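First comes the structure, then the notes that go with it.
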Amino acid sequence: MVSAAEVYDAFSAYMDTASYSLSDVMPCCQKGLDWVNARLREGVDPDNPLIAETAAAMAHYFFFIFRMTDGEKYENCKVGDISYNRNIEKELEFETHIKNQAIADAAEILKDGGFYCRVG
């Protein structure tokens, strides 16, 4: 069975999280694993590598949302004639895309979420 520590190992591949400690990210790793485990299809091997990969992507998304409350996340920076501005909306869009792609890639191990039809 996949553990939160294995999710953390996969999570640590995300380079933008290198400066955070294990205690900072482990709650998100556990939350990502819980999210995946709650949606696993019956009969899926509990050691399937997709579980840890998908949980790591979910953990990264949850950690991004958590970091949005960090005051420095909204800072603009100017050094000499170079300005640096963050676009949080674009970053959220990117994180959502990564999360959604991970869910799509794990379709074989996750329960179907149901049918949705939108007209118009």
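Hydrogens, waters and symmetry mates play no part in the numbers below; they use all other heavy atoms, side chains included. What you see is a predicted model; the values in this text were computed from it and never measured. Sequential numbering from 1 along the given sequence is applied to the chain's residues.
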Is it true that [X] and [Y] fall in one hydrophobic cluster, defined by side-chain heavy atoms closer than 4.5 Å?
X	Y	value
Met68	Phe62	yes
Met58	Val2	yes
Ile65	Val7	yes
Phe94	Tyr14	yes
Met15	Tyr8	no

Would you call the rings of Phe63 and Phe11 parallel, tilted or perpendicular, where under 30° means parallel and over 60° means perpendicular?
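Rings of Phe63 and Phe11: perpendicular, as their planes differ by over 60°.
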To the nearest 0.5 Å, what is the distance between CE (Met26) and CG (Leu33)?
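That separation rounds to 10.0 Å.
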Spatial distance of atom OG1 (Thr54) from atom CG (Leu110) [nearest 0.5 Å]
6.0 Å
What's the shortest heavy-atom distance between [X] and [Y], and which atoms?
X	Y	result
Tyr20	Val25	CB-CG1, 4.0 Å
Ala59	Cys29	CB-CA, 3.7 Å
Ser21	Ser23	OG-OG, 3.0 Å

Could you give all pairs that pass the side-chain hydrogen bond (donor to acceptor under 3.5 Å, both in side chains) test and reach residues 34-47, with sequence neighbours left out?
Gln30-Asp34
Residues Lys111, Leu40; criterion side-chain contact (heavy atoms from CB on, under 4.5 Å); working and verdict
CA-CA 6 Å; Lys111 293 177 187 172; Leu40 280 180; over 6 Å; no
Among pairs that include at least one residue of residues 5-17, which meet salt bridge (charged side-chain N to carboxylate O under 4.0 Å, His left out), considering only residues two or more places apart or in two chains?
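Counting only pairs at least two positions apart or across chains, the salt bridge (charged side-chain N to carboxylate O under 4.0 Å, His left out) contacts touching residues 5-17 are Asp16-Arg67.
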Extract all donor-acceptor atom pairs below 3.5 Å that involve side chains of residues 98-109 and protein atoms in other chains or at least two apart in sequence.
from   : atom 1 : to     : atom 2 : distance (Å)
Asn100 : ND2    : Thr96  : O      : 3.4
Gln101 : NE2    : Asp105 : OD1    : 2.8

